[in-house]
J.: 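Here it is, the structure in full.
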Amino acid sequence: MSFAQLGLSEPVLKAVSEAGYVDPTPIQAQAIPVVLTGRDVLGCAQTGTGKTAGFTLPMIDILSAGRAKARMPRSLILEPTRELAAQVADAFETYGKHTKLTKALIIGGESMSDQEKALDRGVDVLIATPGRLLDLFERGKILLRDIKVLVIDEADRMLDMGFIPDIERIVTLLPPLRQTLFFSATMPPEIRRLADKFLSSPKEITVARPATTATTIEDFVVPVPGETAKREVLRGLLRTETIKTALIFCNRKRDVDILFKSLARHGFQAGALHGDMTQDKRTSTLERFRLGEIPILVASDVAARGLDIDDITHVFNFDVPYNAEDYVHRIGRTGRAGRSGRAFTLVTPDDGRNLGAIERLIRRGIPRHGAAAAPAEPAPEERAPGGEAEASPREDGGGRRRRRRGRGRGRGEDARPAPEEAGPQEARPQEARSQEARREERPKNAPRKQVPRRDDRHREEPRAEQRPSQRQPAPPAAPKPAQRQPQRDQADAEKQTGFGDYVPAFLKRR
Ligand code: AMP
């Protein structure tokens with residue numbers, strides 16, 4: 001199947017060819033003809049499959065007939081993060097370069113007045129994050145009555161980030177007669193329910209099993225005895241691996257800052273990306289990483305989700321993700337476009353349950369990386385001259401140890417550091433921080449603090465997206481992997497590791 005057979009116009013085909021694409025990807029081959037007929041689409045596809053062009057290319061043709069009116073955009077694309085929204089805006093720029101379509105990007109962290117001016121001029125395509133869109137709507141700056149095409153992208157991530165009430169509200173503001181394209185990497189029941197609610201007789205398109213990792217990625221777990229050993233183990237890996245560009249994921253944005261500073265202190269050229277940084281800083285850091293000026297980027301899930309950066313050779317999970325699906329998303333940043341990539345996950349004895357959930361999701365064990373034996377205690381170079389661990393207790397060890405103890409009592413106490421533990425944040429007025437940034441403060445799989453949202457202030461019951469695993473007690477402390485006896489049988493391992501009823505594959509094989 002070639003692009004020419006999909007029914008796209010000449011200007012769009014020209015732009016596609018100038019982008020260097022020869023053949024459509026499977027999602028493009030299946031979605032483009034359907035979208036052009038005006039039918040709703042339910043797409044189960046991850047980033048990296050070419051889904052952005054799958055909806056952007058036909059939308060350009062659909063919107064080319066007609067003109068935008070002031071403050072009344074004709075199509076709306078909802079994205080969970082600013083970076084993804086910006087990427088989609090770039091896609092419209094690339095694929096729509098031979099057409100006269102206008103677009104506006106409505107995201108937090110950017111000047112409201114510039115966004116209002118763009119809306120006043122009239123736009124064909126509005127690409128937005130839900131919170132900022134509702135802010136503008138509530139100020140009367142935007143009318144959504146003329147929306148002909150709605151795209152809800154990364155719906156499962158919207159769910160994770162607590163955006164679903166916003167999305168439901170936005171959809172009530174749109175005309176019922178419209179075309180809706182709904183994409184999600186996974187289809188849990190809550191997402192199915194939303195799809196049923198928003199779509200009418202959709203064409204379902206699934207292009208890859210939701211929980212698969214690319215075969216071009218070699219992934220490993222690296223056992224570490226505890227939190228304090230992680231940075232040294234990571235540095236060891238950064239030195240021994242042949243890295244061109246690497247993404248390092250932390251579960252909390254505060255730890256992104258701490259790790260970034262630690263790496264810089266040890267002479268690594270690194271950048272940091274998380275939702276509490278100003279948009280300017282996020283954009284410039286990302287651009288420098290894209291250009292290869294910064295080879296290492298320490299990031300949080302929210303900030304790095306779906307980033308389309310070619311040629312990331314390595315992904316490091318400094319923390320095991322709370323959410324098993326995030327593992328697939330994180331390591332999927334490497335091994336793109338048929339290239340090979342390597343992914344390493346640092347695993348402490350406390351991480352058994354989360355690692356188990358990942359291995360069950362991907363239906364395979366992750367091999368243990370043999371070479372990276374970790375010291376039981378921080379090595380001397382890890383200590384500051386005063387004899388303390390390299391970061392002050394306020395910055396790292398103390399706070400982290402306090403949080404670990406809190407974890408034993410239930411993760412809720414782990415969700416937000418106490419104010420006195422708050423890590424360094426860029427000076428930014430509280431009210432200017434985005435919804436996205438606020439959500440990033442909470443580890444995703446930790447219990448949500450029940451803050452009533454704008455539109456559900458009267459509902460206090462637990463949120464539907466709270467996962468059952470959140471209510472489970474944390475596993476008991478496990479012995480250090482370095483102390484395990486190689487011959488121990490599996491039953492023995494289950495009794496002694498503290499991993500409860502699950503023994504990660506790397507332990508079974510020993
Ligand atoms: P996406 O899944 O939309 O994030 O796209 C992933 C990457 O695939 C982007 O870098 C696109 O530029 C690229 N891409 C999209 N469609 C094609 C195609 N037909 N051929 C080659 N690359 C593509």
Side-chain angles (χ1 to χ4, degrees), residues 1-9 12-36 41-61 77-97 103 105 125 127 151-158 181-186 205-210 212-214 216-217 245 247 286-287 289-292 301 303-313 315 325 328-339 341:
M1 172 86 67
S2 72
F3 275 108
Q5 294 168 283
L6 299 179
L8 294 165
S9 69
V12 170
L13 288 174
K14 188 163 177 238
V16 164
S17 141
E18 285 164 2
Y21 305 163
V22 180
D23 296 312
T25 64
I27 184 106
Q28 291 162 2
Q30 292 178 69
I32 291 171
V34 179
V35 178
L36 285 173
V41 166
L42 173 57
C44 188
Q46 299 175 23
T47 50
T49 54
K51 76 173 153 69
T52 313
F55 62 78
T56 311
L57 298 174
M59 276 176 76
I60 292 170
D61 276 346
I77 299 171
L78 293 172
E79 294 287 338
T81 68
R82 303 166 188 178
E83 277 76 13
L84 279 170
Q87 257 173 222
V88 171
D90 288 347
F92 269 99
E93 200 67 44
T94 307
Y95 308 135
K97 65 194 218 192
K103 63 170 178 5
L105 185 59
V125 186
I127 304 146
V151 179
I152 299 173
D153 197 16
E154 304 265 341
D156 53 350
R157 177 47 55 124
M158 300 269 201
L181 315 175
F182 186 102
F183 293 92
S184 189
T186 57
I205 301 172
T206 301
V207 290
R209 275 204 1 252
T212 49
T213 50
T216 48
I217 304 168
T245 42
L247 253 180
L286 206 51
E287 198 47 31
F289 184 61
R290 241 185 247 283
L291 295 172
D301 289 286
R305 165 82 179 204
L307 291 182
D308 181 26
I309 298 173
D310 279 346
D311 229 1
I312 292 176
T313 56
V315 168
E325 280 132 26
V328 179
H329 292 302
R330 286 182 181 185
I331 76 165
R333 306 298 98 227
T334 184
R336 287 164 87 86
R339 292 191 184 89

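Counting convention: from 1, in listed order, for ligands and their atoms alike.
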J.: I'd like to check whether Tyr21 has a polar contact with ligand 1, where a contact means an N/O of the residue lying under 3.5 Å from an N/O of the ligand.
T.: yes
J.: Check Gln28 against ligand 1 and report side chain, backbone, both or neither, counting heavy atoms closer than 4.0 Å.
T.: side chain
J.: Provide the number and element of each atom of ligand 1 under 4.0 Å from a heavy atom of Phe3.
T.: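 Per the distance check, 19 (N).
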J.: Taking 4.0 angstrom as the limit and counting only heavy atoms of Asp23, give me the atoms of ligand 1 inside it, by number and element.
T.: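 Those of ligand 1 that fall under 4.0 Å from Asp23 are 18 (C), 19 (N), 20 (N).
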J.: Going by the atom numbers of ligand 1, which of them fall below 4.0 Å from some non-hydrogen atom of Thr52?
T.: 1 (P), 3 (O), 4 (O)
J.: Can you check whether Arg82 reaches Leu105 side chain to side chain, under 4.5 Å on heavy atoms?
T.: no
J.: Quick check: does any side chain N or O of Thr56 sit under 3.5 Å from a backbone N or O of Thr52, one acting as donor and the other as acceptor?
T.: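 Yes, because the side chain of Thr56 sits within donor-acceptor range (under 3.5 Å) of the backbone of Thr52.
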J.: I'd like to know if Glu325 and Arg157 make a salt bridge, using a cut-off of under 4.0 Å between side-chain N and carboxylate O.
T.: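 Looking at Glu325 and Arg157, the cut-off is not met.
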J.: Is the shortest heavy-atom distance from the side chain of Phe182 to the side chain of Val41 under 4.5 Å?
T.: no
J.: What are the two closest non-hydrogen atoms of Gly7 and Asp61, and how far apart are they?
T.: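 Looking at all heavy atoms of both residues, the shortest contact is O-OD2, 4.4 Å.
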J.: What atoms of ligand 1 come closer than 4.0 angstrom to any heavy atom of Gly50?
T.: 1 (P), 2 (O), 3 (O), 5 (O), 15 (C)
J.: Taking only heavy atoms of Thr49, which atoms of ligand 1 are found under 4.0 Å from at least one of them?
T.: 2 (O)
J.: If I compare all heavy atoms of Pro80 with all of Met158, which pair ends up nearest, and what's the gap?
T.: N-CE, 3.7 Å
